[in-house]
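Because the structure is predicted, anything quoted here is derived from the model rather than measured.
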Amino acid sequence: MNYQRPFIVLYNRHDIMANGDPPFAFKCMAEDDDHAREQCLNAEPDADILIVYAPRVRGAVEQNNDVEDAYYAYYYQQEEN
């Protein structure tokens, strides 16, 4: 049995988004980044995946600001690279 943990996948849907709209966030439990990406594409086949974010799990509780952390990683860590 593989251990699953929370992931957040940020993605665009160019067919329904206006230029400048923030990405959508897909939250799931997955074994790894590839599994999270697969789940997002199963739910949203037209998704253009931007980032797969694995939030830190503190104890057994998922933090409420995980989606905000994923957006921060997408917008601000790109600028650092």
Donor-acceptor under 3.5 Å (Tyr53 side chain, Val67 main chain): no

Aromatic plane relationship, Tyr76 with Tyr72 - under 30° parallel, 30 to 60° tilted, over 60° perpendicular: tilted

Least distance between heavy atoms, Arg13 atom then Glu44 atom: NH1-OE1, 2.5 Å

Pro23 to Met17 - nearest heavy-atom pair and separation: CA-CE, 4.2 Å

Closest contact, heavy atoms only, Asp32 versus Phe7: C-CZ, 3.5 Å

Minimum-distance pair of heavy atoms, taken over all atoms of Leu41 and Ala47: CD2-O, 3.8 Å

Sequence neighbours excluded, every pair satisfying ring pair (Phe, Tyr, Trp, His ring centres under 6.0 Å) that has a member inside residues 18-51: Tyr11-Phe24

Residue list, side chain to side chain contact (heavy atoms under 4.5 Å, CB included) with Asn42, at least two apart or on another chain: Glu38

Closest non-hydrogen atom pair between Ala36 and Val9, with its separation: O-CG2, 3.8 Å

Rounded distance (nearest 0.5 Å) linking atom CG of Asp15 with atom CG of Asp46: 5.0 Å

Shortest non-hydrogen separation from Tyr75 to Pro22 and the atoms involved: OH-CA, 3.7 Å

Among Arg5, Gln39, Gln4, side-chain contact (heavy atoms from CB on, under 4.5 Å) partner for Cys28: Gln39

Qualifying residues under side chain to side chain contact (heavy atoms under 4.5 Å, CB included), relative to His14, sequence neighbours excluded: Asn12, Asp48

